[in-house]
Protein chains: 2
Amino acid sequence: MSSSPEKLNVHERVRRQHASELAQDYVEAIYIALEEGRNLRVADLQEIFGVSHVTVIRTLRRIEEQGLLANAKSGELALSPEGRKLAKLSADRHDLLVRFFRALGVSEAQADADAEGAEHHLSEETLGAIRRFLEKS
Amino acid sequence: MSSSPEKLNVHERVRRQHASELAQDYVEAIYIALEEGRNLRVADLQEIFGVSHVTVIRTLRRIEEQGLLANAKSGELALSPEGRKLAKLSADRHDLLVRFFRALGVSEAQADADAEGAEHHLSEETLGAIRRFLEKS
DNA sequence: AACCCTTTGTAGCACAGGCTACATGTCGAA
DNA sequence: TTCGACATGTAGCCTGTGCTACAAAGGGTT
Ligand SMILES: [Mn+2]
Ligand SMILES: [Mn+2]
Ligand SMILES: [Mn+2]
Ligand SMILES: [Mn+2]
């Protein structure tokens with residue numbers, strides 16, 4: 001029996017969500033920059049995430065090992081197909097949450113800040129409920 | 001000027017939330033057990049969080065160093081006043097989120113699971129908006 | 001008393017993700 | 001072409017949070 005995905009404890013699920021969080025936020029940041037025609041460097045990510053450039057470099061290496069980056073011209077960052085897919089999903093979720101909080105009356109800046117953390121913790125079921133709420137509101 | 005709390009970058013704020021997350025979840029678990037008359041042991045926390053007993057012991061030591069535990073009879077766990085205060089706040093936030101997700105049509109189990117992660121990332125502004133939503137719904 | 005089982009604690013390891021200090025690379029101005 | 005500034009990379013440290021393997025403590029049963 002049970003081809004089920006291991007039936008995780010609630011807290012184990014949260015830990016797993018945290019383990020994939022940085023990768024999602026990085027590819028999302030890269031994706032958005034590329035969409036806007038900017039092509040960003042280590043220094044930009046350092047600014048965005050508020051960490052040292054060393055931390056950025058090492059994190060990039062990890063997500064590269066996960067197959068999320070494509071090798072572009074030296075000094076440039078590019079996403080692999082999987083990276084782009086993950087980035088789109090992440091960006092969509094982020095936007096959905098911001099719109100949701102805005103609809104509840106939260107200010108733009110705070111909606112964005114809260115979405116940044118919460119976006120990694122919501123199930124498809126809850127995201128679906130949020131979409132329905134936004135449609136009929 | 002500026003007695004302000006440092007004006008954190010969005011991602012720095014998320015990192016800070018994560019740093020206090022375990023402590024909140026632990027005191028919440030202890031609090032709830034004590035409320036219900038059970039007094040729980042290391043083995044129970046091991047079960048609740050899905051980690052080894054070693055990890056539980058070390059985490060308990062850290063949150064004790066943060067002044068959240070009171071020393072009770074050997075082998076028993078008790079909360080300091082600050083620990084109890086934090087636990088109440090955490091439990092209330094958790095309940096609020098569960099009720100919120102339920103109101104949106106999410107199942108009990110999923111609402112609880114999603115709340116476990118998201119509860120650490122919402123500002124007072126957003127929590128206020130959620131309370132207002134629940135009142136007038 | 002001796003033994004076993006459960007619980008708790010210790011020793012020591014791994015990895016993620018922070019950091020500073022220093023080294024190297026690149027590139028435009030002088 | 002040399003120099004200086006800024007960007008990138010490396011070495012090596014720390015803490016939090018996970019683990020396994022082993023040690024000690026406590027109670028029952030015989
Ligand atoms: Mn995020
Ligand atoms: Mn989180
Ligand atoms: Mn939680
Ligand atoms: Mn909780």
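Here is how names work: the chains are called A, B, and so on, in the same order as the sequence lines, proteins then strands, and each is numbered from 1.
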Interatomic distance, B:L77 CG vs C:dT7 P [rounded to whole Å]: 15 Å

B:V14 with B:L127, same ILVMFWY side-chain cluster at under 4.5 Å: no

Lys/Arg N to Asp/Glu carboxylate O, A:R13 vs B:D114, below 4.0 Å: yes

Rounded distance in Å - CD1 (A:I57) to P (C:dC19): 13 Å

Pairs meeting criterion side chain to side chain donor-acceptor pair (under 3.5 Å) with involvement of residues 47-57 of chain B, two or more places apart: B:S52-B:T55

Distance, rounded to the nearest Å, where A:L45 contributes CG and D:dT8 contributes C1': 13 Å

Heavy-atom check, side chain of B:E116 versus side chain of B:D25, under 4.5 Å: yes

Where protein sits on nucleotides 13-23 of chain D, one letter per nucleotide: B base, S sugar-phosphate only, - none, heavy atoms under 4.0 Å: ---SBBBBB--

Rounded distance (Å) that lies between atom P of C:dT7 and atom CD of B:Q46: 9 Å

Rounded interatomic separation in angstrom, taking CD1 from A:I63 and P from C:dG17: 11 Å

Validation row: A:T59, A:V51 side chains within 4.5 angstrom (heavy atoms): no

B:F100 and A:F100 aromatic ring geometry - parallel, tilted or perpendicular at 30°/60° bounds: parallel

Any donor-acceptor pair under 3.5 Å from A:N9 side chain to B:I48 backbone: yes

Charged N-O contact under 4.0 Å between B:R84 and B:E35: no

B:D44 CG - C:dT6 P separation (whole Å): 15 Å

Separation of atom CD in A:E76 from atom P in D:dT8, rounded to whole Å: 11 Å

Strand contacts (DNA chain C) in residues 36-43 of chain A, 4.0 angstrom heavy-atom criterion: none

